[in-house]
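In what follows, a single structure is set out as structure tokens and then discussed.
Whatever order the structure lists ligands and atoms in, that order sets their numbers, starting from 1. Since we're looking at a predicted model, the values are computed, not measured.
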Amino acid sequence: MKIFLDTADVAEIRAFADLGIVDGVTTNPSLVAQTGRKDLPGLIREIADVVHGPISVEVIATDAEGMIREAREISAWGLPTVVKIPMTREGLRAVRVLSEEGIATNVTLVFTALQGLLAAKAGATYVSPFAGRLDDIAHDGMEVVRDLVHILRVYGLPTQVIASSIRHPLHILEAARAGAHVATVPPKVLGQVLRHPLTDAGIERFLKDWQALQNRENNP
Ligand code: E4P
């Protein structure tokens with residue numbers, strides 16, 4: 001399973017970039033707003049310098065023509081961008097046109113497996129079911145991820161599923177078990193996965209035992 005970082009914060013991305021575990025980045029207007037940066041092309045260029053993989057950038061328009069126009073502008077930056085399109089009727093119209101033009105898309109704000117199926121049929125490169133936001137309203141978000149992976153596999157559709165709105169490490173484990181192609185993970189959650197108290201305790205004990213050996217007086 002690929003791991004994308006779900007953030008627009010270049011410093012946070014840099015902190016994970018040299019570990020060999022980050023395959024791409026997803027942003028959205030809220031994540032960009034958190035950075036306070038208004039020069040979107042400049043921000044995405046900085047991210048592209050750090051991570052060599054697809055970077056999702058979301059359109060602001062809500063009508064198909066506006067989304068297509070924005071998508072063409074984004075792909076003209078000459079960066080490895082994927083254009084994020086909201087899962088609406090207008091969004092699907094845009095995805096169909098963009099897929100014919102060879103512009104990669106990520107259909108976002110997917111909350112049912114059937115929405116994901118429609119996005120895949122329209123030609124989406126990626127679909128992003130939002131697991132955490134479904135959990136928030138007492139629906140099983142990971143069930144949508146599982147169903148979608150299964151359905152796309154049954155019909156041989158090439159669209160990749162990005163398990164999104166990841167809130168905790170168990171979401172990542174469930175996404176991997178479901179066979180999701182990608183999980184897009186906030187840096188804080190990826191940091192939680194990296195560490196384990198038994199690893200820390202194990203290192204401490206090894207170092208203590210090693211030091212005790214060095215301190216032995218009759219040590220040759
Ligand atoms: C994915 O592409 C979205 O940007 C993201 O996963 C949304 O997560 P949230 O529900 O925590 O805002």
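- Residues Glu12 and Lys188 are not paired through a salt bridge, judged by the lack of any N-O separation under 4.0 Å between the basic side chain and the carboxylate.
- Listed by number with element, the atoms of ligand 1 under 4.0 angstrom from any heavy atom of Arg133 are 7 (C), 9 (P), 10 (O), 12 (O).
- Listed for the Thr7 side chain is no donor-acceptor partner under 3.5 Å among the backbone atoms of Leu5.
- Protein heavy atom in closest approach to atom 5 (C) of ligand 1: Asp6 OD2, 2.9 Å.
- In this structure, Arg167 is part of the shell of residues with a heavy atom less than 4.0 angstrom from ligand 1.
- Nearest protein heavy-atom neighbour of atom 3 (C) of ligand 1: Phe130 CZ, 3.5 Å.
- Closest to atom 1 (C) of ligand 1, if we only count protein heavy atoms, is Lys84 NZ, 3.4 Å.
- Within the 3.5 Å criterion, the main-chain N or O of Thr105 finds a donor-acceptor partner in the side chain of Thr125.
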### Query
Could you go step by step and tell me if Val110 and Ser128 meet the side chain to side chain contact (heavy atoms under 4.5 Å, CB included) rule?
CA-CA 6 Å; Val110 166; Ser128 291; 5.7 Å; no
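- Every atom of ligand 1 is numbered from 1 in the order shown, and the set under 4.0 Å from a heavy atom of Ser165 is 5 (C), 6 (O), 8 (O), 9 (P), 10 (O), 11 (O).
- Applying the side chain to side chain contact (heavy atoms under 4.5 Å, CB included) test between Ile103 and each of Val83, Ile68, Ile74 identifies Val83 as the sole match.
- Ligand 1 places these atoms under 4.0 Å from at least one heavy atom of Asn28: 3 (C), 4 (O).
- A side-chain donor from one of Asp6 and Thr26 sits under 3.5 Å from a side-chain acceptor of the other.
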